[in-house]
Amino acid sequence: MHKSKKWADLAIFAIALVLAVLFFFPVYFSLISSFKSNGEILRDAVALPTSLYLKSFKYLLTETQFPAAILRSAILTVTSVFFMILLIPMAAYAIERTGKKWTNAIYVYYLAGMMIPFQVYMIPLFKQMKTLGLYGTMSAPVLIYISGSVGMGVLLFTSFIRGIPVEIEEAASIDGCSRPRIFWQIVFPLLGPCTASMIVLQGLGIWNDFLMPSLVLPSTKKTMVVEIFKFVGELASQWDMVFAGTTMSIVPVLIVFVFLQKYFIKGIASGATKG
């Protein structure tokens, strides 16, 4: 039994190691390619750079609209995630603590929205944005991101709130706390791991989104990923610019994840066990 367990552990470790290498390779490839010229990338894509080629970064930051595109991506991401964290936990709290038939129906309605692919209602949604006068503005993708995250967000937060003892809230209510104060001062701080999971999952998706900004925003207000795509042509591509832009887009995500990874993992695990 001991030997079989040892071999099983080795097999699991070997599989995890292979998956880690496969996962890291695109990051490694993008990183080394960002410090090579376009010709050097075409000659040998996987080789290490012969010198520290920084002209791609300089060109992107001084000769293109890439800095403004990064700022727009940051504004979209921060604004969307802020309103998600402001609104969705309150909706989940009301659904979980009320326990009425109509709140359960709303919960099912939110979850049903997760089953509908975005491509199904994409065209009617854009026509509605035009009717409301939001098409081509920064408000349009923010509203779409928020509404699209409600289903998954309510699922995560209700699962986590279910594990918080009601007695804590009852004791606060006896002491004279109002319902909003109970939520924001007692319940919401306990939702830290779940909130971190929401920030990472939704923030990463919005930061790297290509479809929504390319369709909703005008050509003068494109985001970072769309700006990177401009360097990919039908007959020729500037791969040094593509990889330099990709590397710059990865850095902020890695910084956020490093600070939130502990809470992110805890939130995902807690949501899975409490749901």
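Here the structure is a predicted model, which means the values were calculated and not measured.
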Roughly how far apart are Leu191 CG and Leu156 CG, rounded to 0.5 Å? 11.0 Å
When Asn38, Leu60, Asp240 are each screened for side-chain contact (heavy atoms from CB on, under 4.5 Å) with Phe231, the one that passes is Leu60
Which heavy-atom pair separates Leu134 from Ser139 by the least distance, and what is that distance? CD2-CB, 4.2 Å
Quick test of your reading: applying side chain to side chain donor-acceptor pair (under 3.5 Å), list the pairs with at least one residue in residues 144-155, sequence neighbours left out, ordered by first then second residue. Tyr145-Asp209
Please find the pair of heavy atoms, one from Lys36 and one from Ser56, that lie closest to each other, and give the distance. O-OG, 4.4 Å
Looking at every heavy atom in both Ala92 and Val154, which two are closest together, and how far apart are they? CB-O, 4.1 Å
Could you list the residues that satisfy side-chain contact (heavy atoms from CB on, under 4.5 Å) with Val166, not counting sequence neighbours? Arg97, Glu170
Output all residues satisfying salt bridge (charged side-chain N to carboxylate O under 4.0 Å, His left out) with Asp9, sequence neighbours left out; order by chain, then residue number. Lys5
Tell me which pairs pass side chain to side chain donor-acceptor pair (under 3.5 Å) where either residue lies in residues 59-87, with sequence neighbours left out. none
If you count the non-hydrogen atoms of other residues, nucleotides and ligands that lie under 6.0 Å from CD1 in Ile123, is the total more than 12? no
Tell me the ring-ring contact (aromatic ring centres under 6.0 Å, His included) pairs involving residues 100-120, sequence neighbours left out? Phe118-Tyr121
Cut-off 3.5 Å, no hydrogens considered: what does the side-chain donor-acceptor table look like for residues 41-54, sequence neighbours left out?
from, atom 1, to, atom 2, distance (Å)
Thr50, OG1, Glu40, OE2, 3.1

I want to know whether Phe210 and Phe229 have ring centres closer than 6.0 Å. yes
So that I can tick it off, tell me whether Arg162 and Glu96 are bridged by a salt bridge, with the cut-off set at under 4.0 angstrom between side-chain N and carboxylate O. yes
